[in-house]
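Notes to accompany the following structure.
Counting from 1, the numbers follow the sequence of the chain as shown. Just so it is clear, the values below take in all heavy atoms, side chains as well, and ignore hydrogens, waters and symmetry mates.
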Amino acid sequence: MGWAALTGILLAGMTAATPPSAIPVRGGNALTLPAHRHIVRVSRSEGSVLLAAVQQGGQDGHGLRMFRSDNGGGSWKQEGIIHDGSVYDRADLVAVGKDVALVYAVETPDSTGIGGSSSRDVYFQWWRYSASKNRWLPDTPVRVFDSTSSSTAYYRAELARDSKGRLWVQAFFREKDASNTLVISVSSDGGSTFRTQSALARDIPKRGGGRLISLGSRLMMLWSSHDGRDTTHYRIRDDSASVSSWSSTRTAFSDGIYHGAAMSAVADGNGGLHLVYKDNSERLMYRRFNGSSFGSAVKVLEDGDWATQPALVRSGSSLYLFYNQPRSDGSGYRLWVRALSSSGKPGAGKELASVSGFAGYPAAPDVLPSGVPLVSFFGIEPSSGSSYRLSFFSTSASSLKSQAVAAKQATPDEDADRERFAATGGSGPYEPPQDPGTLASAVTTPSQQAMAAGCGGASAMLAVGVTFILMEWGRRRRGMRSLPG
C-alpha cells in the first residue's frame, strides 16, 4: 500500500479531530521500550525536522528504519535503514547539533530473561546531516558490546552524551547462568572507539531495565527489573571526574518500576530529573530528583492498567505527559496529553483520540523549545481491520482543555500495598520461548507476528479482542504477562 493511500485512510475505530499521519508497523508495540528516546527534533536554518527510529517488525519486509517529517509530523517518509536484519532491535536516539547519534540492540517479549545468541550485540551509529543533499546519512555502525557465546546476550541499550562531549552506552548483559549485569562503555573520540568500564550492577535476577541520562554536568543511571519485588536504584557521576568514577549504588525509592522499563525521564535543566513511571501495581506515578534525592511519589492516574504507558516532555520549563487510558466500556483506549505541575500534579489535559482496540506505547521528544507543538506517536491496533500503525498526534499547549485528574501523594500504607502486590501478584509468570526467532518462524499472520515483534505484543492482542469478556480476562491475568511496559 502506498504512503499517500495509507495516510489517507480513515482510521477505523478511532475518533479524533483530524486523522493523524501514520507509519505502518506489524504491531502496536513497535515503540517499546517505553524508556527509550525513539524520536528527536533537530533544528536547522531551513526549519526543524522530526526524526524517528521505528521497528516495523517485518512489515513489508522492513525492520529498524529511520523516518523523517519536515512538517511537524503531518507526513512521514523513510530516511534510511538502520538495521533490517532483525525485527527485534530497538534504537535509542540523541540529537547532537544537526546530527543524530543512536544505539540499537535486541528487545523481546520474554519477561523472565532473554535467549542467548552470539549475534545479540550492541551497535552505535551516527546519522550525519548533509546540507547539500538535505538528508541524514548513516555512518558505518560501531560495535560497542559483543556477545561471543550462544548462552549470552546484550539487550536494552541506551545512549547519553555528557557535558564533555563523551558518549556513554549502557546495556544489560545476560550471563551464561541467566543472571543479568548492567554494563557501561564510554567513547572519548566521538564514537570511533568505546572502552568498557566496570559493571554498574551485577546479579540482577531477572531482566533489567532503566534509563541512562545526562542531567547537565552529571550522568545518572536509574534501573529496576522485571522482579516485582525489586526496588529502584541509581548511580551517578560528575562529568569532571575520571571516567571510571561512579557513586556507589543508591536506593532511588522502595517501589519498583514495572518491568524496569515502563517509564519516561527528562532532565529538568537545573541538575535534576522528572520521572513518570508505572509501579508494580500498574499505576502511573511521578517523582522528582532534586539533585541529591528522589521526592515522594505523586499519583498521575488513580487506576492502573497493564497497558498504560507514559511519554514525558519538557517544553521550556513546563511538563507535559502523553499516556493511554482504558475506556470505561473496556473496548479500547483513550489517548491523552496533560500538563503536569512542577510537583507532578496533573493539570489541564486534552483527549487526542478514543480507539476501539489497542492503543499504547507513546513516544515523544524528551525536550522541546517553548511554544512549539507537543507531539507524540502512539501504537494503534484497531479492533476492525488489520491496519496496524504508529499514529502521530500534534497539539499546542494552549489547546489543552481544563479537565482535572485526581492526584495525590502516595501514603506509607499505599507503599506497603504496592510491596504486598509485588510479592504476590498473579498466579505465576508467563514464559514464552527463549528464542524469539523460533517464535517468529512459527507465526504467519500479522496478528500472530505482532505477538513476537517485541515487548507487549501478546498482551496487545488481548486488547484488540472482540469481546469485553476476553479483555477483562486478560486484565485479570495481567500479572502473567510479558510486557516490559
Side-chain angles (χ1 to χ4, degrees), residues 1 5-32 34 56-57 59 73 278 282 284 301-311 321-338 349-363 376-395 401 403 405 445-451 453-478 481 483 485:
M1 180 181 293
L6 177 65
T7 55
I9 288 177
L10 176 63
L11 299 183
M14 175 183 293
T15 58
T18 302
S21 60
I23 295 175
V25 293
R26 187 52 63 89
N29 57 350
L31 291 176
T32 55
Q56 293 187 267
Q59 178 69 33
K278 184 159 64 175
E282 302 177 351
L284 291 188
L301 289 178
E302 282 290 327
D303 298 323
D305 182 72
W306 66 265
T308 299
Q309 292 291 347
L321 181 70
F322 290 90
Y323 62 94
N324 57 320
Q325 185 178 33
R327 292 191 345 187
S328 58
D329 62 2
S331 66
Y333 287 85
R334 302 165 69 194
L335 309 182
W336 286 88
V337 59
R338 189 170 296 281
K350 178 179 181 179
E351 183 175 0
L352 301 170
S354 181
V355 179
S356 177
F358 175 78
Y361 292 103
S376 179
F377 275 117
F378 282 87
I380 307 293
E381 294 185 11
S383 58
S384 58
S386 59
S387 181
Y388 298 170
R389 65 187 73 88
L390 299 183
S391 289
F392 188 85
F393 296 87
S394 175
T395 191
K401 59 188 177 182
Q403 183 167 341
V405 168
T445 69
S447 295
Q448 289 173 318
Q449 291 194 22
M451 298 171 70
C455 36
S459 297
M461 292 313 302
L462 286 176
V464 298
V466 179
T467 68
F468 173 77
I469 294 175
L470 283 178
M471 191 166 184
E472 286 301 301
W473 177 84
R475 289 181 183 174
R476 294 178 187 277
R477 292 176 58 85
R478 58 182 177 255
R481 297 301 172 201
L483 271 154

Please report the shortest heavy-atom distance between [X] and [Y], naming the atom on each side.
X: Gly379; Y: Leu390; answer: CA-CD2, 3.9 Å
X: Lys350; Y: Thr395; answer: NZ-OG1, 2.9 Å
X: Arg26; Y: Gly57; answer: CB-O, 3.5 Å
X: Ala307; Y: Tyr333; answer: CB-OH, 3.4 Å
X: Pro362; Y: Ser376; answer: CB-OG, 3.8 Å
X: Gln309; Y: Asn324; answer: N-OD1, 2.8 Å

Ser356 and Ser331 side chains, donor-acceptor separation under 3.5 Å: no

Between Tyr323 and Arg338, is any side-chain donor less than 3.5 angstrom from a side-chain acceptor? yes

Taking the ring centre of each residue, are Phe393 and Phe378 less than 6.0 Å apart? yes

What I'd like to find out is whether the side chain of [X] reaches to under 4.5 Å of the side chain of [Y], using heavy atoms alone.
X: Gln325; Y: Leu301; answer: yes
X: Leu321; Y: Val337; answer: no
X: Leu335; Y: Ile380; answer: yes
X: Arg389; Y: Pro382; answer: yes

How are the rings of Phe358 and Trp306 set to each other: parallel, tilted or perpendicular (split at 30° and 60°)? parallel

Once you measure the plane-to-plane angle for Phe392 and Phe377, does it fall in the parallel (<30°), tilted (30-60°) or perpendicular (>60°) bin? perpendicular

Can you tell me how far the OH atom of Tyr361 sits from the OG1 atom of Thr308, to the nearest 0.5 Å? 10.5 Å

Spacing of CG belonging to Leu284 relative to NZ belonging to Lys278, to within rounding of 0.5 Å: 7.5 Å

Using only atom types and a distance under 3.5 Å, with no angle test, would you say the side chain of Glu381 pairs donor to acceptor with the backbone of Tyr388? no

